[in-house]
Structure formats: C-alpha cells, structure tokens
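Input: a single structure, listed below in structure tokens.
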Amino acid sequence: MPGPLEARLRAKVRDVPDFPKPGILFKDITPALADASLFREMTEAMAAPFARRGITHVVSVESRGFILGGPIAQHLGAGFVPARKRGKLPWRTLGEEYSLEYGTDMLEIHVDALPHGARVVIVDDVLATGGTAAAVGALVRRGGAELHGYAFLMALGFLGGRARLGDTPVECMLEY
Ligand code: AMP
C-alpha cells in the first residue's frame, strides 16, 4: 500500500542548493511530476479544498504553475488562464510588477481572460516571499473577478509569504 500522500510527496521534492544563484535552496518538483500516481494525487489534493465552490477559472504562473494548474482546472471543471512574464502573451494585457526571492519582473494576463464575477483560484508550486502570488491576485481583482483562494504545493514558511496575501484562503500541501 502506498503511504500517506504528504510523506510520499515530501520524499520526491529534491532540494538543490545554490540554484539559480548562490544562497537559494531550490525546491525541485520534477521527481514528483514524473511519478504518474503522485502527479494525479497531488493535483487532486490541491483541487479538493476548492471543489463544489463554483470555481470558474484557475490562474497559474509560468512555468511550473502551468504544470499543476492545468490538471487542477480540469479536476474543478474550471477554465485555465495563464499569467505570463512580460511580453509573452499575444493579445492585449493587464500587467503588474512583482518581486521574487531572486529578482523582479512583470506578470501579465490577457485583458479579456476573466469575465466580471469569475470565481478564481490561483495555483503555483512554491509560495516563497509571496510577491508573485500577490501580483497575480492584484491582476485577478483588477479585472473584476473574485479571488477565492490560493493553492500551492508547498510554502517556505520562513519567508513569510502568507502575510502578503491578506485574508484570502491559502492551501498548501507541504510546509518547510
Ligand atoms: P515568491 O514570489 O518569492 O513567492 O516566489 C514564488 C515563485 O518563485 C514561484 O513561482 C516559485 O516557483 C519560484 N520560487 C521561489 N523560490 C523558490 C524555491 N526556493 N524553489 C523553487 N521555486 C521557487
């Protein structure tokens, strides 16, 4: 019998020191993604808190967020909206500056991606400083959509990201 999901997941998140630059301990989820059963189970578990909540859209951040956000949208019966780095989306966009654990950039979504009143969950792999998630949240709200929560595979609690997400519910499978 497979063990508890959280333990199996934790065993397949690889710590890579000093990537992409010195001092960052990178949480590599590719071993977990490559496990067919684990990939399905973890996206089902991330979707579960938002089931039967009338979620209409999942918004994810490139690139690892996309890998999780697609299956989660399908589990929820929701559409998928990509948030991308500056200049990557082909149509007219809304943009928001954000800061990373390792740099700053701008995130964009298409101006017409979320209808007014859309019920949104934001998905990403890692909650670190919360700068990325807060920027996506601002983009979602600017378009008149309702932000119902965040779903992360893991949170790096020592970086305090939750404090930047206000009262919006935050669901994480693993805490570090
Ligand atoms: P932040 O805006 O600081 O919360 O950073 C979150 C984004 O950066 C997410 O899209 C993560 O994929 C990525 N990220 C930040 N820190 C790490 C880390 N230590 N390991 C893996 N990904 C990270």
Side-chain angles (χ1 to χ4, degrees), residues 6-35 38-39 42-43 45-47 49-50 57-73 78 80-89 93-110 113-114 120-142 147-176:
E6 188 189 318
R8 284 182 290 127
L9 186 56
R10 209 173 267 275
K12 291 214 173 179
V13 174
R14 175 164 52 199
D15 285 352
V16 183
D18 300 322
F19 183 88
K21 67 180 200 187
I24 303 295
L25 182 64
F26 192 85
K27 295 292 189 185
D28 175 21
I29 66 166
T30 61
L33 297 173
D35 180 321
L38 197 52
F39 183 30
M42 71 192 189
T43 54
M46 288 173 76
F50 298 102
H57 296 79
V58 167
V59 178
S60 294
V61 189
E62 66 177 288
S63 57
R64 291 179 302 279
F66 288 176
I67 299 168
L68 301 171
I72 290 169
F80 178 82
V81 173
R84 300 207 62 185
K85 307 277 172 67
R86 189 198 314 261
K88 299 283 190 183
L89 287 168
T93 57
L94 296 174
E96 191 79 25
E97 284 278 352
Y98 72 112
S99 59
L100 273 175
E101 191 182 353
Y102 40 81
T104 69
D105 210 337
M106 178 179 271
L107 281 173
E108 299 178 332
I109 62 172
H110 277 151
L114 294 170
V120 173
V121 172
I122 293 172
V123 170
D124 204 354
D125 63 339
V126 176
L127 174 63
T129 66
T132 307
V136 180
L139 281 177
V140 165
R141 289 188 163 117
R142 258 169 61 193
L147 181 55
H148 284 259
Y150 290 93
F152 298 99
L153 200 52
M154 70 191 88
L156 309 182
F158 55 92
L159 292 173
R162 271 191 174 79
R164 296 182 59 177
L165 304 182
D167 293 338
T168 308
V170 176
E171 299 285 344
C172 291
M173 292 192 64
L174 303 180
E175 297 283 342
Y176 289 94

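Atoms within each ligand, like the ligands themselves, are counted from 1 in listed order.
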Does only the side chain of Leu25 get under 4.0 Å from ligand 1, or the backbone, or both, or neither? Count heavy atoms.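 Backbone only.
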Under-4.0 Å heavy-atom contact with ligand 1, by part of Thr132 that carries it: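 Contact part for Thr132 vs ligand 1: both backbone and side chain.
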For ligand 1 and [X], I'd like to know whether there is a polar contact (N/O to N/O, distance under 3.5 Å).
| X | answer |
| --- | --- |
| Ile24 | no |
| Leu127 | no |
| Thr129 | yes |

Mind checking whether Gly161 has a heavy atom under 4.0 Å from ligand 1?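 Outside the 4.0 Å threshold, so no.
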Is Leu156 near ligand 1, meaning one of its heavy atoms is under 4.0 Å from it? yes
Atom pair NZ/CD of Lys85 and Glu108 - distance to nearest 0.5 Å: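 Between atom NZ of Lys85 and atom CD of Glu108 there are 11.5 Å.
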From Arg162 atom CZ to Phe152 atom CZ, the distance as rounded to the nearest 0.5 Å: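 Separation between the atoms: 8.5 Å.
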Do [X] and [Y] make a side-chain contact, defined as non-hydrogen atoms from C-beta onward lying under 4.5 Å apart?
| X | Y | result |
| --- | --- | --- |
| Tyr176 | Arg10 | yes |
| Leu33 | Leu68 | yes |
| Val81 | Val120 | no |

The one among Val136, Asp125, Val126 that brings a heavy atom closest to atom 12 (O) of ligand 1: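 Closest candidate by heavy-atom distance is Asp125.
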Quick one: does Tyr98's side chain have a donor or acceptor within less than 3.5 Å of a partner on Leu107's backbone?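 Flag not set: sc Tyr98 to bb Leu107 has no pair under 3.5 Å.
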Distance filter under 4.0 Å to Arg64 heavy atoms, resulting ligand 1 atoms: 11 (C), 12 (O), 13 (C), 22 (N)
Considering only distance and modelled atom types, tabulate donor-acceptor pairs under 3.5 Å from the side chains of residues 24-31, sequence neighbours left out.
unit_1 : atom_1 : unit_2 : atom_2 : d
Lys27  : NZ     : Asp15  : OD1    : 2.6
Lys27  : NZ     : Asp15  : OD2    : 3.4
Asp28  : OD1    : Thr30  : N      : 3.0
Asp28  : OD1    : Thr30  : OG1    : 2.9
Asp28  : OD2    : Arg14  : NE     : 2.9
Asp28  : OD2    : Arg14  : NH2    : 2.8
Asp28  : OD2    : Thr30  : OG1    : 3.2

